[in-house]
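A short write-up of the structure that comes next.
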Amino acid sequence: SSGINAEYGRDEIKPYDYIAADAKVVAYNPTVEQMYAPQLGPSNPFKTQQAAAQKNMFCGFVENTGVSDFQFDAQRKTFHTEGYAEDPTAYASTVGTTYVGEVEKAEQNEGRTVFEENKEKAKKRKREHFGDPSDPEGYKGPWAEYVDQVKSSGPSEEQRATLDEWAARKEPKANAKPDENEKTILHIEDTHDYQGRSFLVAPKDHEVNLYNTEPPEKCFLPKKLLHTWDAHNKGVAKVILFPKTGHLMLSCGMDSKIKLWELYGKRRCIRTYSGHAKAVRDIVFSNDGAKFLSASYDRMIKLWDTETGACLSRFTTKKIPYCVQFHPDDDKQNFFVSGMADKKIVGWDINTGEITQEYDRHLGAVNTITFIERNISFVSTSDDKSLRVWDWDIPVDRKHIADPSMHAIPSCSLSASGKWLACQSMDNKISIFATQKLRLNRKKVFKGHMVAGYACQCNFSPDNSYLISGDADGRCFIWDWKTTKVYKRFKAHDGVCIGCAWLPHETSKIVTCGWDGKIKLWD
């Protein structure tokens with residue numbers, strides 16, 4: 001023990017020899033041996049080496065050291081960047097500069113910090129000879145090029161070939177090569193009447209005036225089944241009526257075929273259009289009905305001639321189109337938009353076959369597109385449970401409706417007056433939006449049917465007094481517009497009743513289609 005001194009007796013201890021371990025002040029100058037002598041008394045046998053170590057804070061012993069803020073930051077940033085830093089302990093300062101961390105890298109960099117220049121100074125590039133100043137054409141002066149200057153910064157020939165191949169693969173293809181499977185079958189012999197008018201011209205010898213621009217004064221509920229068409233080998237995806245007159249009906253099915261039907265007279269199948277490799281998702285007529293577009297799961301959008309059955313154009317972005325819609329203005333019938341599975345709405349020009357605009361703001365696949373406000377803007381719905389309002393040809397939405405209570409909207413329908421937009425919601429409701437400012441009408445909610453998981457069409461009666469919709473159990477529902485009560489429900493199909501439409505000039509005739517492959521006419 002350091003407490004024993006030879007000048008004193010065996011049992012005597014010099015008073016200033018003993019220094020307490022927790023002493024803060026000493027009244028004399030102790031020697032190094034006294035300072036570092038072991039503590040008096042027995043050590044605690046139950047303490048580990050780590051627990052017995054001298055500490056001045058919970059996790060160890062911290063020494064005060066005089067380091068400037070800049071030096072500390074320099075070493076800290078160097079350690080995080082390069083992996084080494086100078087050892088700041090007192091022991092290291094006596095031996096010389098030592099490092100902690102990646103010592104080999106520190107020696108290789110000669111201990112330089114991140115603030116010190118690591119790279120050698122670049123050699124000054126040599127320029128070509130300035131030329132003779134007396135020669136105005138040959139004199140280059142300070143504008144002379146560097147000796148090692150590369151004059152072309154473009155890709156090499158091999159890189160250019162790879163880039164061209166990638167761009168060709170990426171580019172949307174319109175007017176692609178005709179498909180061998182594009183065929184049409186005419187099922188009737190009398191395509192023209194005695195005056196030379198084709199079947200696209202509405203007949204005038206029916207009880208109902210098909211050329212009347214006014215809707216019926218009062219509509220009534222249908223009571224009985226009039227006719228059944230065994231339309232498709234697989235389920236029917238959608239039915240639409242011929243524009244304005246409604247004397248023809250176009251249906252598309254999961255058997256990849258599209259068919260044109262008569263709704264008056266003999267109610268025959270007029271023509272079959274074949275050309276898609278997979279199920280057809282959506283169809284839409286142009287304003288005059290002479291052409292129509294079809295969107296299919298084979299990632300193709302095709303433009304057909306209704307009368308001849310010829311496929312006029314083909315469009316694809318190599319993504320599945322979920323919906324297509326012509327621009328409703330008569331002077332813009334060469335434009336159409338398609339909602340895609342890759343969250344985009346793509347605008348096409350039929351004449352050039354090129355994309356004119358891309359509306360890319362949705363967060364899910366686009367399900368429906370509906371034009372509102374005199375066709376200045378359109379509403380789109382998506383799997384991201386939102387509605388967005390776009391001005392035509394402007395790729396930024398001017399209104400975004402999203403609410404935690406909202407569900408995905410797979411189907412929409414505009415009323416005959418254009419004032420209301422009916423949206424089939426996945427929570428078994430039909431929500432109504434006013435098209436003027438696109439506000440939800442909370443008083444008009446139509447319930448009772450089961451459509452969760454199915455894109456069942458909903459539709460208005462011509463006089464806006466009823467709302468109709470199919471449902472997953474094959475039933476057809478008819479609600480009263482004013483009271484939102486279910487006026488009638490009846491079993492229409494064995495499978496899902498996926499589509500319905502009210503004939504525009506009839507008071508009580510509706511058409512329904514289902515996944516049982518049938519189309520039915522009710523009155």
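- In this structure, the separation between CG on Asn441 and OG on Ser431 is 10.0 Å, given to the nearest 0.5 Å.
- Formation of a donor-acceptor pair under 3.5 Å by the His247 side chain with backbone atoms of Phe199 is found in this model.
- Residues Thr484 and Ile432 are not in side-chain contact: their nearest non-hydrogen atoms beyond the backbone lie 4.5 Å or more apart.
- Rounded to the nearest 0.5 angstrom, Lys520 NZ and His493 NE2 are separated by 5.5 Å.
- By the neighbour-count criterion of 12 heavy atoms within 6.0 Å, atom CD of Glu189 is sparsely surrounded, having that number or fewer from other residues, nucleotides or ligands.
- By the 30° and 60° cut-offs, the orientation of the rings of Trp229 relative to Trp261 is tilted.
- Ring geometry for Trp392 against Tyr359 counts as tilted: the plane angle lies between 30° and 60°, on a 0 to 90° scale.
- At a threshold of 4.5 Å between non-hydrogen side-chain atoms, the residues Gln333 and Lys291 do not count as touching.
- Heavy-atom minimum distance, Ile283 versus Leu250: CD1-O, 3.6 Å.
- Taken to the nearest 0.5 Å, the OG atom of Ser461 stands 8.5 Å off from the NZ atom of Lys218.
- Looking only at distances, no side-chain donor or acceptor of His206 sits under 3.5 Å from a matching main-chain atom of Val208.
- Remark: Ile498 CD1 to Ser469 OG distance equals 9.5 Å, nearest 0.5 Å.
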task = Before giving the answer on side chain to side chain contact (heavy atoms under 4.5 Å, CB included), spell out for Leu303 and Phe336 the whole-Å C-alpha distance, their side-chain angles and the decisive distance to 0.1 Å.
result = CA-CA 11 Å; Leu303 179 69; Phe336 74 90; over 6 Å; no
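- Using a 4.5 Å heavy-atom cutoff, the side chains of Asp384 and Lys343 are not in contact.
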ask   = Under the ring pair (Phe, Tyr, Trp, His ring centres under 6.0 Å) criterion, do Phe490 and Trp522 qualify, and how do the steps go?
value = CA-CA 11 Å; Phe490 56 91; Trp522 306 82; 4.7 Å; yes
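- Judged by a 6.0 Å distance limit and a 45° cone about the ring axis, Lys77 is not positioned over the six-membered ring of Phe115.
- Expressed to the nearest 0.5 Å, how far CG of Leu221 lies from OG of Ser508 amounts to 8.5 Å.
- Counting heavy atoms from C-beta on, the side chains of Ser377 and Ile372 come closer than 4.5 Å.
- Just one residue in the list Pro410, Cys456, Cys458 forms a side chain to side chain contact (heavy atoms under 4.5 Å, CB included) with Val451, and that residue is Cys456.
- Tyr273 places a side-chain N or O within donor-acceptor distance of the main-chain N or O of Thr306, the cut-off being under 3.5 Å.
- With contacts defined as side-chain heavy-atom distances shorter than 4.5 Å, the pair Ile478/Pro222 qualifies.
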key: Worked verdict on Leu521 versus Arg267 for side chain to side chain contact (heavy atoms under 4.5 Å, CB included)   = CA-CA 10 Å; Leu521 178 65; Arg267 300 195 175 112; 3.5 Å; yes
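- Proximity of the aromatic rings of Trp479 and Phe460 is defined here by a centroid distance below 6.0 angstrom, and this criterion is not met.
- Residue Arg442 qualifies as open at atom CZ: its count of foreign heavy atoms under 6.0 Å is 12 or below.
- Formation of a donor-acceptor pair under 3.5 Å by the Thr316 side chain with backbone atoms of Arg299 is found in this model.
- By the 6.0 Å contact criterion, CD on Gln149 is enclosed, its count of non-hydrogen atoms from other residues, nucleotides or ligands being greater than 12.
- Atoms NZ and CG, on Lys509 and Leu226 in that order, are 6.0 Å from each other to the nearest 0.5 Å.
- Under the 30°/60° scheme for interplanar angles, the aromatic rings of Phe371 and Phe378 are found to be tilted.
- Considering all non-hydrogen atoms of both residues, Ile301 and Leu293 come closest at CG2-CD2, 4.0 Å.
- The nearest pair of heavy atoms linking Ser417 to Asn464 is OG-ND2, 3.0 Å.
- By the 4.0 Å N-to-carboxylate-O rule, Arg475 lies close enough to Asp473 to be salt-bridged with it.
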task = Could you please spell out the steps behind the salt bridge (charged side-chain N to carboxylate O under 4.0 Å, His left out) verdict for Glu358 and Lys319?
result = CA-CA 14 Å; Glu358 276 191 0; Lys319 303 291 179 185; over 6 Å; no
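- The only member of Gln424, Lys429, Arg489 that meets side-chain hydrogen bond (donor to acceptor under 3.5 Å, both in side chains) when paired with His449 is Gln424.
- Within a 6.0 Å radius of OH in Tyr264, more than 12 heavy atoms belonging to other residues, nucleotides or ligands are found.
- In summary, the side chains of Arg281 and Tyr322 do not present any donor paired with an acceptor at a separation below 3.5 Å, with no hydrogens or angles considered.
- For the pair Asp463/Pro216, no side-chain contact is recorded, criterion being any heavy-atom separation below 4.5 Å from C-beta on.
- The backbone N or O of Gly418 sits less than 3.5 Å from a side-chain atom of Thr435, completing a donor-acceptor pair.
- In this structure, Glu307 contributes its side chain and Leu200 its backbone to no donor-acceptor pair below 3.5 Å.
- More than 12 heavy-atom neighbours from other residues, nucleotides or ligands sit within 6.0 angstrom of CZ on Arg268.
- With Thr184 contributing its side chain and Thr272 its backbone, the two residues share a donor-acceptor pair below 3.5 Å.
- Across all non-hydrogen atoms, the minimal contact from Ile320 to Tyr297 is CG2-CD2, 3.7 Å.
- Atom NZ of Lys385 sits in a sparse spot, with 12 or fewer heavy atoms from other residues, nucleotides or ligands closer than 6.0 Å.
- Listed for the Asp516 side chain is a donor-acceptor partner under 3.5 Å among the backbone atoms of Asp494.
- Using a 4.0 Å cut-off between charged side-chain N and carboxylate O, Asp230 and Lys518 make a salt bridge.
- When every heavy atom of Phe285 is checked against every heavy atom of Phe326, the shortest pair comes out as O-CD1, 3.5 Å.
- The 12-atom threshold is exceeded at NZ of Lys488, counting heavy atoms of other residues, nucleotides or ligands nearer than 6.0 Å.
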task = Give the C-alpha distance, both sets of side-chain angles, the deciding distance and a yes or no for side chain to side chain contact (heavy atoms under 4.5 Å, CB included) between Thr317 and Ile355.
result = CA-CA 9 Å; Thr317 61; Ile355 291 176; 4.1 Å; yes
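- Other residues, nucleotides and ligands place no more than 12 heavy atoms under 6.0 Å from the CD atom of Gln436.
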task = Could you please spell out the steps behind the side chain to side chain contact (heavy atoms under 4.5 Å, CB included) verdict for Lys238 and Asp282?
result = CA-CA 7 Å; Lys238 190 174 184 179; Asp282 195 19; 2.7 Å; yes
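- The closest side-chain heavy-atom distance from Val379 to Cys412 is not below 4.5 Å.
- When atom types are taken as modelled, the side chain of Thr507 and the backbone of Phe220 share no donor-acceptor pair closer than 3.5 angstrom.
- Between Met406 and Ser386 there is no side-chain heavy-atom pair separated by less than 4.5 Å.
- Using a distance-only test at 3.5 Å, with no hydrogens or angles considered, no donor-acceptor pair links the side chain of Asp471 to the main chain of Cys497.
- Closest non-hydrogen pair, Leu263 versus Gly246, comes out as CD1-O, 3.4 Å.
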